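Read the structure below first, then the notes.
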Amino acid sequence: MARRTLVRAVAVLGAATLALTGCGSDSDDSASGTSAGDEGAAAATTVETDCEPQQATAGATPATGPLKIGTILPETGSLAFLGPPEVAAVRLAVDDINAAGGVLDQPVELFPGDSGDTTTDTANTTVDRHLANGTQVIVGAASSSVSLKVIDKIVSAGVVQFSPANTSDQFVCYADRGLYFRTAPTDVLQAQALAQLIAEDGAQRVSILALNDPYGTGLAENTVTNLVDAGIPEDQIQKIIYDPNAQSFNAEVDQVANFAPDAVALIGFEESAKIITRMHEVGIGPSDGMAVFGVDGNMGNALGENVAEGLLDGMAGTTPLTDTGEEFQQRLLGVDPGLIDFNYAGESYDAVIVSALAAEQAGSTAGVDIAANINSVTRDGEKCTSYQQCLDLLRADQDLDYDGATGELTFVDAGEPGVGSYGRLVFGPDNTLTTEDYIVVGECPAGRERRGDRR
């Protein structure tokens, strides 16, 4: 039985004191060693997260046509390993909605589509097709960078964009007309969970390798902040930002080896396999005894399939994950029997259910009407945990608070969860993952207190 670990703002962890301060992003980029500002490294971008997020305003005339949901999820590209559970969960959610009578007494129509990655224009092509089909909600992308390529086009059309996996801080204050939402918690929260694992391990000298995109640089910056708050001096933290499309990562790995850390955090995607292989070649890989930590971009069984057997043994990491339970996973396997991971499945399922409930509450399937109701169906009402149960509340003229496959959502004004649940994942000697426990961390949005304690 997995246990849930609640993390508070200040946790005493042996010799380390970890201050989990996820309410801002005010640190500078001057982590020592090979920092983001040094030669050979790309500059990180400081992201403003202190703002009043834009809110959608419902239109004057409701639309009563069928709800059409399109997807831009990674069937190909660097995050293709995340695609199958997300696609299966969207399909399952649509099936559940339609089994309960649909939205506004009409079946939901689903239009699947590939997002590709940032090296292609697949996402734009898919979005164009969805807009031509009249979709009111587009679920995706998984990659923050891919979403940033299409968000303006989507929201300018008055369509909701709802990502199950974007974690970059750049979306908190983005000028999205109140039409962008996500069920994945922001990297401000994942950085807390990652720093928690590193500090628990007793690390006092840490290297961070992060890919150069909004996800990588943002998560790296926030992780540095939390490690410093944990009591690790800045001159004992090395941050290297790398090009994920490089042919070789030898230079970056050699810099890490020269820094001689006692822990390495790797924030990357599919290129992580090449980096870990090189780490092993110079004697600093997970199987060599180095404490190596990954994140949602690489902590999947697909990573184990792309490196030599046993190379990942002992590597730990975080990914947004809740204990969705065996029943939910079995239902997903009923949709796709080939699933080997369930990362972001709960988030994908909830994105669809929340969108449908918002349309029902609005009495309209227009994108702006759905958007104006999304936050409210996740908080401050009568608890419900399924589409059918929530639908019954709406039809009884009751306010609802949907807690779904991922548990409590409680969206803040930015259209994202104020609480993040993360799985603590560990690779075994056969390069396969197990979930050891769960870490729940809470942000401090305006007017809300931080949640959770570690005991």
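If you read the sequence from its start, that first residue is 1, and numbering goes on from there. A quick note: this is a predicted structure, and the numbers were derived from the prediction, not measured.
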So Leu332 and Leu92, side-chain contact (heavy atoms from CB on, under 4.5 Å) or not? Walk me through it.
CA-CA 7 Å; Leu332 289 170; Leu92 180 61; 4.0 Å; yes
Yes or no on salt bridge (charged side-chain N to carboxylate O under 4.0 Å, His left out) for Arg91 and Asp336, after CA distance, side-chain angles and deciding distance?
CA-CA 10 Å; Arg91 177 74 265 174; Asp336 182 356; over 6 Å; no
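- Smallest separation of non-hydrogen atoms from Leu189 and Val419: CD1-C, 3.9 Å.
- Nearest approach of His130 to Thr71, heavy atoms of both residues: NE2-O, 2.8 Å.
- Residues Gly113 and Thr126 share a closest heavy-atom pair of CA-CG2, 3.6 Å.
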Determine, step by step, whether Asp380 and Asp399 satisfy the side-chain contact (heavy atoms from CB on, under 4.5 Å) criterion, reporting the C-alpha distance in whole Å, the side-chain angles of both residues, the deciding distance to 0.1 Å, and the verdict.
CA-CA 8 Å; Asp380 303 331; Asp399 293 333; over 6 Å; no
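- Between atom OG1 of residue Thr318 and atom CD of residue Gln190 there is a gap of 4.0 Å, rounded to the nearest 0.5 Å.
- Taking CD1 of Ile138 as the start and CG of Leu73 as the end, the distance is 11.0 Å to the nearest 0.5 Å.
- Rounding to the nearest 0.5 angstrom, the gap separating the CD atom in Gln329 from the CG atom in Asp341 is 10.0 Å.
- Across Ala191 and Thr223, no two heavy atoms sit closer than the pair CB-N, 3.6 Å.
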As a quick check of understanding, evaluate side-chain hydrogen bond (donor to acceptor under 3.5 Å, both in side chains) for Glu416 and Thr186, giving each step before the final call.
CA-CA 8 Å; Glu416 61 192 27; Thr186 173; 5.0 Å; no
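- The distance between the ring centers of Tyr180 and Tyr174 does not fall below 6.0 angstrom.
- Using bins of under 30°, 30° to 60° and over 60° for the plane-to-plane angle, the ring pair Phe181/Phe411 lands in the parallel bin.
- Between atom CD1 of residue Ile241 and atom CD1 of residue Ile267 there is a gap of 7.5 Å, rounded to the nearest 0.5 Å.
- Annotation for Thr324 and Ala405: closest pair CG2-O, 3.3 Å, computed over non-hydrogen atoms.
- Looking only at side-chain heavy atoms (C-beta outward), Met279 and Val256 stay at 4.5 Å or farther from each other.
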When you look at Glu305 and Ile340, which way does the side-chain contact (heavy atoms from CB on, under 4.5 Å) test go after all the steps?
CA-CA 11 Å; Glu305 295 174 353; Ile340 60 173; 3.5 Å; yes
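- Side-chain atoms of Asn301 and Thr432 include no donor-acceptor pair closer than 3.5 Å.
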Residues Thr183, Glu347; criterion side-chain hydrogen bond (donor to acceptor under 3.5 Å, both in side chains); working and verdict
CA-CA 5 Å; Thr183 40; Glu347 288 82 356; over 6 Å; no
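- Phe293 meets the ring pair (Phe, Tyr, Trp, His ring centres under 6.0 Å) test with no other residue; sequence neighbours excluded.
- Each of Asp401, Asp403, Asp413 was evaluated against Arg379; a single residue qualifies, Asp413, per the salt bridge (charged side-chain N to carboxylate O under 4.0 Å, His left out) test.
- Within 6.0 Å of CD in Glu309 there are 12 or fewer heavy atoms belonging to other residues, nucleotides or ligands.
- Between the side chain of Gln330 and the backbone N or O of Glu326 there is no donor-acceptor pair closer than 3.5 Å.
- Taking every heavy atom of both residues into account, Pro164 and Ser348 meet most closely at CB-OG, 3.3 Å.
- With a 4.5 Å cut-off on side-chain heavy atoms, Pro286 and Phe427 do not count as touching.
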Check the pair Glu271 / Tyr242 against side-chain hydrogen bond (donor to acceptor under 3.5 Å, both in side chains), numbers first and verdict last.
CA-CA 11 Å; Glu271 76 284 350; Tyr242 65 83; 2.6 Å; yes
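- No side-chain N or O of Gln54 forms a donor-acceptor pair with one of Arg177 less than 3.5 Å apart.
- Separation of atoms OG (Ser163) and CZ (Arg182) is listed at 8.0 Å; rounding is to 0.5 Å.
- If you check the side chains of Tyr344 and Asp296, you find a donor sitting under 3.5 Å from an acceptor.
- Taking the six-membered ring where the residue is Trp, Tyr215 and Phe269 present parallel rings, their angle staying beneath 30° rather than reaching 60°.
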Does Thr167 form a side-chain contact (heavy atoms from CB on, under 4.5 Å) with Val295? I'd like the steps, not just the answer.
CA-CA 11 Å; Thr167 58; Val295 289; over 6 Å; no
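- Summarising the geometry, atom OG belonging to Ser386 is positioned 9.0 Å from atom CG belonging to Leu357; distances are rounded to the nearest 0.5 Å.
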Working note: Thr76 + Asp114, criterion side-chain hydrogen bond (donor to acceptor under 3.5 Å, both in side chains); need CA distance, chi angles, decisive distance, verdict.
CA-CA 7 Å; Thr76 60; Asp114 185 17; 2.6 Å; yes
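- Of the possible polar contacts, one joining the Asp117 side chain to the Ser78 backbone as a donor-acceptor pair under 3.5 Å is found.
- The distance between the ring centers of Phe342 and Phe328 does not fall below 6.0 angstrom.
- Side-chain atoms of Gln196 and Glu200 form a donor-acceptor pair, as typed in the model, at a separation below 3.5 Å.
- Evaluated for a side chain to side chain donor-acceptor pair (under 3.5 Å) with Thr122, the options Thr119, Thr120, Thr118, Asn124 yield exactly one hit, Thr120.
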